[in-house]
Engineer: 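Just passing along the structure, written as structure tokens.
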Amino acid sequence: MTTTRTAAAGKRRRASGVVLLLPVLAASLALGGCQLSAPDPATPSSATSPSAGSTVKTSEFSTLDAAGVETIRSTGAARLDMSSGTLDKAAVQVTPDSYGPEINTRGAGKINLTIVAPSGEITGESDRIRFNTTDKRTDFSEVTYFLTAQSAEEYFALIREGVQRYGIDGDSAERWISSTESAPEGKSDFSITSGTATGLDVNYDLRYDGGKDTQVIIVHVRPVA
């Protein structure tokens with residue numbers, strides 16, 4: 001009987017010891033839990049990673065595929081990258097054998113066109129933009145757009161602006177303006193000597209008819225030969 005009581009007492013003491021140890025162990029785990037779950041300092045978390053929250057950067061330049069042309073029409077703006085001296089088909093997302101689109105918004109407003117050149121920019125408001133090439137070229141041989149004026153004075157101002165900005169031949173331009181001012185009701189088709197101040201060949205092809213309300217300049221932008 002003595003042996004039985006002793007064994008029972010031993011079990012009670014061990015059980016009490018376990019009960020006492022459990023709160024201590026729980027407290028230790030609670031205190032050390034932050035260290036166990038903390039990330040490795042050498043590995044940046046998603047919040048501190050340089051790429052956290054980053055977005056894909058879209059190009060500032062227009063494309064000439066179907067979606068790109070629709071964007072140009074809907075926004076009324078086009079920005080083309082010819083800073084390398086050419087407009088490559090791959091850069092505007094058209095196939096190598098593509099002839100390029102013609103963008104015509106007559107009756108729906110004009111497009112604010114910007115061509116980024118090797119030096120500066122070529123800009124204009126136009127409701128017709130064309131892209132010339134062949135199915136053998138990997139780039140466009142020419143971008144053509146149309147400037148319009150509602151008076152002779154406005155027309156002459158556009159010509160002089162081209163002289164100042166693009167290096168178009170000023171003497172040739174002034175001779176034509178002087179001749180036209182002396183016969184404002186006449187007609188004239190005249191191509192002013194191109195300017196290359198931007199690193200691109202910019203040609204003003206004049207289509208003047210004094211009997212019409214609207215006068216037209218056809219602007220040809222080409223790589224410098």
Side-chain angles (χ1 to χ4, degrees), residues 59-83 85-87 91-92 94 100-133 140-170 172-174 176-177 180 184 187-223:
S59 173
E60 63 175 302
F61 296 106
S62 304
T63 61
L64 298 178
D65 56 353
V69 170
E70 181 55 35
T71 298
I72 291 171
R73 291 180 182 277
S74 62
T75 62
R79 186 174 178 85
L80 304 174
D81 184 11
M82 293 186 70
S83 58
T86 62
L87 182 63
V92 293
V94 298
E102 176 173 339
I103 305 174
N104 189 324
T105 58
R106 281 184 291 183
K110 293 184 178 181
I111 297 166
N112 289 313
L113 174 64
T114 299
I115 300 174
V116 178
S119 178
E121 295 181 346
I122 299 163
T123 60
E125 292 185 349
S126 180
D127 56 10
R128 295 171 64 194
I129 306 173
R130 295 175 177 172
F131 300 88
N132 299 334
T133 187
F140 293 95
S141 58
E142 182 178 300
V143 178
T144 302
Y145 62 95
F146 297 74
L147 298 176
T148 57
Q150 305 307 312
S151 68
E153 291 73 19
E154 183 184 357
Y155 195 67
F156 301 155
L158 286 174
I159 295 169
R160 287 174 172 138
E161 181 182 32
V163 170
Q164 294 175 356
R165 295 187 61 189
Y166 311 133
I168 293 169
D169 188 279
S172 177
E174 290 301 330
W176 183 89
I177 290 173
T180 303
K187 295 181 180 180
S188 176
D189 293 346
F190 184 73
S191 180
I192 308 175
T193 303
S194 300
T196 57
T198 63
L200 296 172
D201 184 288
V202 181
N203 173 255
Y204 274 22
D205 192 4
L206 310 182
R207 294 290 186 268
Y208 180 85
D209 185 345
K212 294 184 177 180
D213 294 331
T214 300
Q215 310 304 328
V216 178
I217 300 173
I218 307 173
V219 184
H220 305 277
V221 181
R222 314 179 184 99

Engineer: I need the minimum non-hydrogen distance between A152 and Y208, along with the two atoms involved.
Structural biologist: CB-OH, 4.1 Å
Engineer: Just so I know, are the side chains of I72 and L64 near enough to count as touching, which here means a heavy-atom distance under 4.5 Å?
Structural biologist: yes
Engineer: Quick test of your reading of the model: are D205 and R207 salt-bridged, counting only N-O distances below 4.0 Å?
Structural biologist: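 The answer is yes: the pair qualifies as a salt bridge.
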Engineer: Step by step, would you call F146 with I217 a side-chain contact (heavy atoms from CB on, under 4.5 Å)?
Structural biologist: CA-CA 6 Å; F146 297 74; I217 300 173; over 6 Å; no
Engineer: Sequence neighbours left out, cut at 3.5 Å: what donor-acceptor pairs do the side chains of residues 108-116 make with other protein atoms?
Structural biologist:
unit_1 : atom_1 : unit_2 : atom_2 : d
K110   : NZ     : T148   : OG1    : 2.8

Engineer: Calculate, to the nearest 0.5 Å, the distance between atoms CG and CG belonging to N203 and D169 respectively.
Structural biologist: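 It is 11.5 Å, given to the nearest 0.5 Å.
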Engineer: Supply the atom-to-atom distance L206 CG to S188 OG, rounded to the nearest 0.5 angstrom.
Structural biologist: 6.5 Å
Engineer: Under the rule for side chain to side chain contact (heavy atoms under 4.5 Å, CB included), what residues qualify as partners of R165, not counting sequence neighbours?
Structural biologist: T123, E161
Engineer: Between atom NZ of K212 and atom NZ of K187, what is the distance when rounded to the nearest 0.5 Å?
Structural biologist: 6.5 Å
Engineer: Of all heavy-atom pairs between V163 and G170, which one has the smallest distance, and what is that distance?
Structural biologist: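 It is CG1-CA, 3.7 Å.
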Engineer: What's the shortest heavy-atom distance between L147 and G124, and which atoms?
Structural biologist: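 That would be CD2-CA, 4.1 Å.
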Engineer: In this structure, are over 12 heavy atoms from other groups packed under 6.0 Å from D213 atom CG?
Structural biologist: no
Engineer: The criterion is ring pair (Phe, Tyr, Trp, His ring centres under 6.0 Å); which residues satisfy it with F140, sequence neighbours excluded?
Structural biologist: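 By the ring pair (Phe, Tyr, Trp, His ring centres under 6.0 Å) rule, F140 matches F131.
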Engineer: I need the R128 CZ to R106 CZ distance, nearest 0.5 Å.
Structural biologist: 4.5 Å
Engineer: Short question: side chain of S141, backbone of N132 - any donor-acceptor pair under 3.5 Å?
Structural biologist: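 Confirmed, S141 side chain pairs with N132 backbone.
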Engineer: Can you tell me how far apart CG (D127) and CD1 (I103) are? Round to the nearest 0.5 Å.
Structural biologist: 11.5 Å
Engineer: Do I122 and M82 have side chains that get closer than 4.5 Å, going by heavy atoms?
Structural biologist: no
Engineer: Do any N or O atoms from the side chain of Y155 and from the backbone of V216 form a donor-acceptor pair under 3.5 angstrom?
Structural biologist: yes
Engineer: Taking the side chain as every heavy atom from C-beta outward, state whether Y145 and V221 have any pair of such atoms under 4.5 Å apart.
Structural biologist: yes
Engineer: Under the criterion side-chain contact (heavy atoms from CB on, under 4.5 Å), I'd like the reasoning laid out for Q150 against T214: C-alpha separation, chi angles, the key distance, then a yes or no.
Structural biologist: CA-CA 5 Å; Q150 305 307 312; T214 300; 3.2 Å; yes
Engineer: How close do P223 and L200 get, counting heavy atoms only, and between which atoms?
Structural biologist: CA-CD2, 4.3 Å
Engineer: Specify the closest pair of heavy atoms between T71 and S74, including all atoms of both residues, with the distance to one decimal.
Structural biologist: O-OG, 3.1 Å
Engineer: How many angstroms lie between CD1 in I177 and CD1 in I192, if you round to the nearest 0.5 Å?
Structural biologist: 7.0 Å
Engineer: Which label fits F156 and W176: parallel for a plane angle under 30°, tilted from 30 to 60°, or perpendicular past 60°?
Structural biologist: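 Perpendicular: the ring planes of F156 and W176 meet at over 60°.
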Engineer: Write out all pairs satisfying salt bridge (charged side-chain N to carboxylate O under 4.0 Å, His left out) with one or both partners inside residues 149-160, taking only residues at least two apart or from two chains.
Structural biologist: R160-E174
Engineer: If a pair satisfies salt bridge (charged side-chain N to carboxylate O under 4.0 Å, His left out) and one of its residues is in residues 142-152, list it, with sequence neighbours excluded.
Structural biologist: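 Sorted result for residues 142-152: E142-R222.
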Engineer: I need the full list of salt bridge (charged side-chain N to carboxylate O under 4.0 Å, His left out) pairs touching residues 69-82, with sequence neighbours left out, sorted by first then second residue.
Structural biologist: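 As it turns out, the salt bridge (charged side-chain N to carboxylate O under 4.0 Å, His left out) pairs with a partner in residues 69-82, which skip direct neighbours, are E60-R79, R79-E121.
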Engineer: What pair of heavy atoms forms the shortest contact from A77 to S62, and how long is it?
Structural biologist: O-OG, 4.3 Å
